Amino acid sequence: MTSKEEHQRNLIARLRRVEGQIRGIQGMIEKGAECEAVAQQLAAARRALDRSFYEMIACSMEMEIQQAPNVSAARQAGTQVGKLLAKYG
C-alpha cells in the first residue's frame with residue numbers, strides 16, 4: 001500500500017467516525033438532551049473535522065514535495081499548501 005493510499009484510508013476512517021459523532025448528536029437533540037451536552041459533542045466533532053483537515057493538508061504537502069523534481073519546485077509546492085492553509089485553515 002502506498003503512502004497516499006494509507007493517508008486516504010486513514011482520512012476516510014476518521015471522517016466515518018465524525019459521521020457517527022454527528023448522528024449521535026442528532027439523536028441527542030431528538031431526545032431532548034441538555035444544551036451543554038450537545039455543545040460538548042458539537043465541539044468534539046468540530047475538533048475531529050479540524051484534525052481531518054490538517055491531516056489532509058499534511059498529506060498534500062508530503063505528496064507535493066515527494067513529486068517535486070527539484071528544490072525550487074518543492075518550495076513552490078510548499079507555498080501552494082501554505083495558501084490553502086491561509087484560505088481554509
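We count residues from 1, following the sequence as given. Computed from a prediction, not measured in an experiment: that's the story for all the values here.
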*Which residue pairs satisfy the side chain to side chain donor-acceptor pair (under 3.5 Å) criterion with at least one member in residues 21-50, sequence neighbours excluded?*
Glu19-Arg23
_Restricting to non-hydrogen atoms, name the atom on Val18 and the atom on Ala48 that form the minimum distance, rounded to 0.1 Å._
CG2-CB, 3.4 Å
Contacts under 3.5 angstrom, residues 56-64 side chains, donor-acceptor by atom type, not counting sequence neighbours:
| unit_1 | atom_1 | unit_2 | atom_2 | d |
| --- | --- | --- | --- | --- |
| Glu62 | OE1 | His7 | NE2 | 3.4 |
| Glu62 | OE2 | Ser3 | OG | 3.0 |

*Return the set of residues passing salt bridge (Lys or Arg N to Asp or Glu O under 4.0 Å) with Glu55 (not counting sequence neighbours), or none when no residue passes.*
Arg14
*Evaluate side chain to side chain contact (heavy atoms under 4.5 Å, CB included) for Phe53 paired with Leu11, printing each intermediate quantity in order.*
CA-CA 9 Å; Phe53 171 77; Leu11 186 57; over 6 Å; no
_For a quick test of reading the model, state the closest non-hydrogen atom pair linking Ile25 to Val38 and the distance between them._
CG2-CG1, 4.1 Å
With a cut-off of 3.5 Å and sequence neighbours excluded, list every side-chain donor-acceptor pair involving residues 73-84.
| unit_1 | atom_1 | unit_2 | atom_2 | d |
| --- | --- | --- | --- | --- |
| Thr79 | OG1 | Arg75 | O | 3.1 |

*Going only through I, L, V, M, F, W and Y residues with side-chain contacts under 4.5 Å, is there a path from Ile12 to Leu49?*
no
